[in-house]
Enquirer: 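Here it is: the structure, laid out below.
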Amino acid sequence: MKSRRVFLQKASLSALAISIPSIATLSAKNNLAESILKEDKVLRVAIMGLGSYGTRVAEAMLDSKRAKLVGVISGTPSKVETWKAKYGIPAENCYNYENFDEIKNNPSIDAVYVITPNALHKEQSIRVAKAGKHVICEKPMAINAKDGQEMVDACKAAGVKLLIGYRMHFEANTLEAIRMRKSGELGELKFFQGLSGFVIGDPTQWRLDPALSGGGAMMDIGIYSINGARYMLGEEPIWVTAQETKTDPVKFKEGIDETIQFQMGFPSGAVASCLSTYAMNGLDKFFLNGSKGWVEMQPSTGYGPIKGKTNKGPLELPHVTHQTVQMDQMAAIIFDGKVPEVPVNGEEGVRDMKIIDAIFKAVKTGKKVMLS
Ligand code: NDP
């Protein structure tokens, strides 16, 4: 395939050299050369944080056409050895949390995917940006909107892209639901329901340590209902109200929310009613109701297959591993300037963080919080 591309490229160049082509022919040839180059451009990624989700992303990237795992940043030398052997990662592309700024001198890495505990994302992402590499950062992008905005600003100043790991933004059934909403098939939108939750295990894990997580279920899983409400309704909320319940204050200490019910109001008059919890299993459901139709998805944000039905019938577009599609699409965003149907940039991440900030404020004050 590669030699055929080189042949085509050479053939098109020699054709240019031996004739005087029209402008149309020239531009067709240029387009051909450009598409050949684009097709060849693979995003060379280093994963930071070789934990559970980092492993899932690494496995999924094996099937990506335009993204390749070429490096690691880890605090655990034994994992680095395993990953080197498993994924064929060269020693010179392996870093730890102390020395990864040196990545700036490594021309064989294009982007770093930050997959560490939430509270570390800001500092690590800013260091990656300063090293001149594109940043892909997991959700939640930070632990509040101010930190998220600092990340956006740092990436802008460094001239690198900042993308957030919103894998659902590339999922086929989700995109079909969005298409139905956009086309008007659902009529005037009135109501969204988002349920996001699971029973969290090991009480010693970082997700239950506020210094590393920045919050409990809301940061981890509630964010899916927030983000989902926004992409399913296609609007930004103007107010939130929220109520917290805590049945186990030992496991869910101060700063770690166990269950929060929250509501969001949108400019059109649509409302969202959502639940975020670490205390109930099997909550992964979206429901969108309009004056002419409806969409129900369950599961709605798990690793898939995503299943759903609408007033017109089932939503059953084929499942492709979310992270495989995400990484291919992110390569296209970074290299080709592709604009995705639903944004995955840093600004999109900040929008969710502003809503989380407002939800925490609403819980604390018991009052409706307006979003500017
Ligand atoms: P894990 O605990 O499984 O892995 C986190 C990794 O981060 C660790 O294995 C470790 O890797 C590294 N790390 C660095 N510093 C610390 C520290 N102080 N404490 C613990 N780990 C540290 O977490 P997950 O992989 O489940 O989650 C990581 C991020 O990914 C989170 O932000 C989470 O919200 C997000 N996530 C996103 C999902 C999605 O679907 N988009 C799904 C699951 C998680 P090492 O030993 O290599 O240094």
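We use all heavy atoms of the structure for the numbers below, so side chains are in, but hydrogens, waters and symmetry mates are not. Order of listing sets the numbers, starting from 1, for every ligand and every atom in it.
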Enquirer: Using a strict cut-off of under 4.0 Å between a residue heavy atom and any atom of ligand 1, list the qualifying protein residues by chain and number.
Expert: Gly49, Leu50, Gly51, Ser52, Tyr53, Ser74, Gly75, Thr76, Lys79, Tyr97, Ile115, Thr116, Pro117, Asn118, Leu120, His121, Glu138, Lys139, Pro140, Gly165, Arg167, Trp206, Arg207, Leu212, Asp220, Tyr224, Tyr303

Enquirer: Less than 6.0 angstrom separating the ring centers of Phe198 and Tyr278, yes or no?
Expert: yes

Enquirer: With a 4.5 Å cut-off on side-chain heavy atoms, are Leu69 and Trp83 touching?
Expert: yes

Enquirer: Using a cut-off of 6.0 Å, state whether more than 12 heavy atoms not belonging to Lys307 lie near its atom NZ.
Expert: no

Enquirer: Among pairs that include at least one residue of residues 163-183, which meet ring pair (Phe, Tyr, Trp, His ring centres under 6.0 Å), considering only residues two or more places apart or in two chains?
Expert: Tyr166-His169, His169-Tyr231

Enquirer: Return yes when atom CD of Glu92 has more than 12 non-hydrogen atoms of other residues, nucleotides or ligands closer than 6.0 Å, and no otherwise.
Expert: yes

Enquirer: Counting only heavy atoms not in Lys68, do more than 12 fall under 6.0 Å of its NZ?
Expert: no

